[in-house]
Peer 1: 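Quick one: the structure is below, questions incoming.
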Amino acid sequence: MAALTRVSGSVGLISLLNPPVNALSAAVRQGIVDTVRRAVSDPQVKSVVICGQNGVFCGGADIKEFGGHMSGPPLVPIFNTIEAADKPVVAAIEGSALGGGLELALACHYRITQSKARLGLPEVSLGLLPAAGGTQRLPRLIGVPAALDLITTGRHLTGAEALKLGIVDQVTDQNTVEAAVKFALSIVGQSLESRRISTLPCPCPADIDAFFEGVMQRVKKSAHGAIAPVACVQAVQAAATLPFTQGMQREQELMATLFGSGQARALQYCFFSQRVVSKWSSPSGSRWDTSKPKPVTKVGVIGLGTMGRGITVALALAGLSVVAVETQQQQMMAAQHAVSGMLERTARRRGVSLVGDQIRYSVELEAVADVELVIEAVFEDMALKEKLFKQLSTLCKADTLLCSNTSSLDIDHLASQTHSPQLVVGMHFFAPAHVMKLLEVVYGPRSAPQAVATAMELGKRMGKVSVAVGNCSGFVGNRMLMPYVEEASFLVEEGASPEIVDRALEEFGFPMGVFRMSDLSGLDVGWKVRKARGLVEPGQMSRVRQGRRYSPLGDLLCEQGRFGQKTGRGWYLYDSAGSREAQPDPWLQSFLEEYRARQGLVSRRIDSQEVLERCLYALINEGFNILQEGIAAGPEDIDMIYVFGYGFPRHRGGPMFYASQVGLAQVLQRLEHYQQLHPDIPHLRPSSLLRRLVSSGSPRIQRWREIIRMPHSSL
Ligand SMILES: C[C@H](O)[C@H](C)C(=O)SCCNC(=O)CCNC(=O)[C@H](O)C(C)(C)COP(=O)([O-])OP(=O)([O-])OC[C@H]1O[C@@H](n2cnc3c(N)ncnc32)[C@H](O)[C@@H]1OP(=O)([O-])[O-]
């Protein structure tokens with residue numbers, strides 16, 4: 001819907017009406033057609049301003065329409081009509097002008113924006129490209145390199161940045177619509193020839209072919225198999241080499257290859273899933289809309305190792321006051337220095353000034369006595385954390401929330417160390433904590449809804465994708481990672497090399513395969529967890545531990561000090577300790593041959609299909625067990641955890657969405673196949689929830705959440 005009113009005598013004000021973001025639904029598109037026609041034909045209207053209701057210009061095309069039959073007038077002719085108008089049309093940009101919203105503004109003759117508005121063409125993050133003239137008009141307005149950067153990354157700009165790039169004509173901190181109406185009055189009668197962007201030449205770098213060849217190589221490398229970024233480059237190349245009309249045809253052709261693709265569906269699922277997981281609920285019935293978060297302005301961080309430093313920076317960047325405690329003086333000084341450096345680098349990258357004076361450092365635990373919430377990030381040792389929670393429970397205010405950054409320890413056990421177990425939740429950050437988007441908020445059976453709501457709200461303020469999950473060993477992310485990592489080791493025992501396994505996973509879209517990732521995070525990290533679980537028997541080769549198959553390969557490498565990058569040797573060889581360039585290690589090859597011979601294993605050829613099926617289906621199967629137990633409320637929770645915390649390729653939608661695309665019956669059949677071959681591997685035993693979903697016809701993933709909540713018999 002759109003409405004036209006005449007203001008200031010002669011300005012036709014067109015308001016887009018489709019809360020909350022005035023998305024360009026069929027009704028809004030028809031509304032624009034009608035209001036533009038009336039404004040252009042009304043002799044009393046000398047100029048036009050387009051704005052959005054509720055302080056938001058336009059969030060782009062209506063993504064909710066993509067899954068169904070598209071009706072209503074198409075955008076391209078609407079925008080061409082606006083550009084061709086013989087009266088000046090000014091876009092008044094407030095809140096956000098994204099995707100089709102910015103393309104609408106580019107079709108206008110002038111753009112006035114609020115300084116803190118967000119502008120951009122994020123279609124690539126939905127598996128699409130700007131298909132209403134964005135790939136043809138933006139390069140003509142700001143040049144090919146700047147346009148390519150915005151279109152292939154989909155990043156948002158502030159109004160101030162947009163002015164610097166030449167996308168907008170004015171930035172205001174006052175009322176944007178009033179500023180635009182005043183501006184529209186001032187330009188009546190001026191020539192619009194140079195204001196019709198489609199008629200402008202496209203400024204290009206000298207050797208255009210070499211330029212695009214270089215860009216395409218870079219984009220393909222960072223895309224990890226995503227197809228939309230490549231199509232975005234091809235569309236902008238059309239702007240640089242073809243007249244506008246032909247360029248537009250090319251844009252539409254390329255969009256047709258993306259729209260409805262599996263990757264586009266996966267990425268749009270991710271868009272909506274990010275919003276679904278913020279609407280959390282727990283099996284006890286507590287929910288996002290009935291649990292009010294507690295106000296938090298001051299947070300204590302205990303333990304300033306790698307994680308503690310990252311968490312302190314993330315809190316400071318979110319504008320919170322932080323009391324950072326490290327009981328060792330020297331370590332506290334080192335942490336203070338490191339945190340200042342991280343804040344400076346972040347400030348430089350964001351082009352903002354950050355001083356970090358809201359951080360107070362102390363070696364005294366008592367320093368956090370007056371904070372509203374504490375996050376502990378001390379060494380991953382239960383005895384140490386037990387002692388700390390006892391101390392905090394005594395010295396903090398009675399209603400202070402106590403949160404642990406543990407990645408696997410029992411949250412409810414830590415809660416039982418305190419006077420108020422209902423005030424304890426897990427806040428599991430991912431390294432580096434000021435960069436990684438994911439936050440697992442872990443609730444125990446006694447965690448109060450307000451404690452969960454407060455942690456989720458704090459995560460949102462820190463710019464995190466916060467996902468609420470139940471308490472169990474490894475929570476959701478690390479629990480599912482276990483079978484994935486184990487399967488990879490079993491495959492190496494049976495004949496694969498770490499390179500073969502990693503290549504299959506990287507071709508699938510992971511930025512790093514399991515063995516390269518293990519070398520990066522350090523083999524000793526997993527070794528310590530296995531020791532804590534009583535699985536490690538030094539020097540032992542037995543492949544059965546605690547009644548199930550076990551691969552001692554990782555332990556044997558650790559016993560030789562092969563911890564990965566940090567020691568220059570792990571599953572791969574590195575030039576030196578700390579180097580990141582992984583090379584196949586001839587020593588490991590002969591070590592594996594000798595190991596297989598001693599274990600009586602006959603090496604066999606393993607192809608990437610088997611690698612993907614065994615590693616991913618084992619992980620997915622554990623995901624179904626987690627849904628079955630109610631540890632995660634829905635598949636979206638698991639998928640957002642894996643996309644934002646474990647590098648699962650976003651254009652695959654996450655492990656559970658990937659399973660729904662492959663087909664649950666296929667996943668079940670393959671798991672049954674591998675379980676028959678490997679009966680001693682329990683995590684290949686298909687989850688009963690998977691069986692139930694298959695037997696009920698493999699419903700769409702958007703229905704799983706409600707199905708899981710329904711009592712079994714109803715299926
Ligand atoms: C032709 C053209 O070339 C192509 C093809 C396109 O144009 S493709 C489309 C390109 N546009 C985008 O990629 C922008 C997507 N939106 C956003 O980035 C953000 O929404 C926002 C604008 C920065 C606001 O953030 P927010 O934090 O204030 O609120 P929210 O919680 O995110 O959103 C509030 C509510 O609005 C819903 N919503 C937001 N944008 C939407 C959109 N474009 N279509 C449909 N629904 C949308 C969202 O799901 C949520 O719903 P619910 O959960 O309440 O039911």
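Throughout, residue positions are numbered sequentially from 1 according to the sequence presented. All values derive from a computational prediction rather than experimental measurement. One-based numbering, in listed order, for ligands and for the atoms of each.
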Peer 1: So, Arg705 and Glu636, do they make that salt bridge, N to O below 4.0 Å?
Peer 2: yes
Peer 1: Among all protein heavy atoms, pick the one closest to atom 14 (C) of ligand 1 and tell me residue, atom and distance.
Peer 2: Gly59 O, 3.4 Å
Peer 1: Looking only at protein heavy atoms, which one is nearest to atom 34 (C) of ligand 1, and how far off is it?
Peer 2: Pro20 CG, 3.8 Å
Peer 1: Are any of the side-chain nitrogens in Asp62 or Lys64 under 4.0 Å away from the carboxylate oxygens of its partner?
Peer 2: no
Peer 1: At a 4.0 Å threshold, what atoms of ligand 1 neighbour a non-hydrogen atom of Leu98?
Peer 2: 14 (C), 18 (O), 22 (C), 23 (C)
Peer 1: For atom 54 (O) of ligand 1, which candidate among Gln268, Glu65, Lys279 provides the closest heavy atom?
Peer 2: Lys279
Peer 1: Quick one: sort the His428 and Phe430 rings into parallel, tilted or perpendicular, breaks at 30° and 60°.
Peer 2: tilted
Peer 1: For the side chain to side chain contact (heavy atoms under 4.5 Å, CB included) test, which of Val90, Leu119, Leu141 pairs with Arg111?
Peer 2: Leu141
Peer 1: Is there a heavy atom in Gly134 that sits closer than 4.0 Å to ligand 1?
Peer 2: no
Peer 1: Does Phe272 reach ligand 1 with a nitrogen or oxygen that is under 3.5 Å from one of the ligand's nitrogen or oxygen atoms?
Peer 2: no
Peer 1: Hey, is Leu121 touching ligand 1 through its side chain, its backbone, both or neither, going by heavy atoms under 4.0 Å?
Peer 2: neither
Peer 1: Counting non-hydrogen protein atoms only, what is the nearest one to atom 44 (N) of ligand 1? Give residue, atom name and distance.
Peer 2: Ile63 N, 2.9 Å
Peer 1: If you take the nearest heavy atom of each of Pro122, Ala61, Ser25, which one is closest to atom 13 (O) of ligand 1?
Peer 2: Pro122
Peer 1: Ignoring hydrogens and geometry, is there a side-chain-to-backbone donor-acceptor pair from Gln263 to Arg652 under 3.5 Å?
Peer 2: no
Peer 1: What do you think, any protein heavy atom under 4.0 angstrom from atom 29 (O) of ligand 1?
Peer 2: no
Peer 1: Could you see which bit of Leu126 sits under 4.0 Å from ligand 1, with heavy atoms only: side chain, backbone, both or neither?
Peer 2: side chain
Peer 1: Quick check: does Leu128 get an N/O under 3.5 Å from an N/O on ligand 1?
Peer 2: no
Peer 1: Salt bridge or not for Glu253 and Arg250, using N-O below 4.0 Å?
Peer 2: yes
Peer 1: Please list the nearest protein heavy atom to atom 20 (O) of ligand 1 with its residue and the distance rounded to 0.1 Å.
Peer 2: Arg275 NH2, 3.8 Å
Peer 1: Do the side chain of Glu83 and the main chain of Ile197 share a donor and acceptor less than 3.5 angstrom apart?
Peer 2: yes
Peer 1: Can Gln274 be said to touch ligand 1, with heavy atoms closer than 4.0 Å?
Peer 2: no
Peer 1: Going by the order shown, which atoms of ligand 1 are within less than 4.0 Å of some heavy atom of Arg118?
Peer 2: 23 (C), 25 (O)
Peer 1: Give the contacting part of Val21 toward ligand 1: side chain, backbone, both or neither, where contact means a heavy-atom distance below 4.0 Å.
Peer 2: side chain
Peer 1: According to the interplanar angle, ranging from 0 to 90°, do the rings of Phe624 and Trp704 count as parallel (below 30°), tilted (30 to 60°) or perpendicular (above 60°)?
Peer 2: tilted
Peer 1: Would Val76 and Met248 satisfy side chain to side chain contact (heavy atoms under 4.5 Å, CB included), going step by step from the backbone distance to the final call?
Peer 2: CA-CA 9 Å; Val76 171; Met248 285 299 289; 3.6 Å; yes
Peer 1: Do any nitrogen or oxygen atoms of Gly60 lie less than 3.5 angstrom from nitrogen or oxygen atoms of ligand 1?
Peer 2: no
Peer 1: Show the atoms of ligand 1 that are less than 4.0 angstrom away from any heavy atom in Glu103.
Peer 2: 1 (C), 2 (C), 3 (O)
Peer 1: Hey, looking at atom 10 (C) of ligand 1, which of Gly154, Gly133, Gly99, Pro130 has the closest heavy atom?
Peer 2: Gly99
Peer 1: Side chain to side chain contact (heavy atoms under 4.5 Å, CB included) with Trp280: which of Val452, Asp637, Val469?
Peer 2: Val452
Peer 1: May I ask you to decide whether Arg155 forms a salt bridge with Asp149, counting only side-chain N to carboxylate O separations under 4.0 Å?
Peer 2: yes
Peer 1: Is the distance from the ring center of Phe510 to that of Tyr642 below 6.0 Å?
Peer 2: no
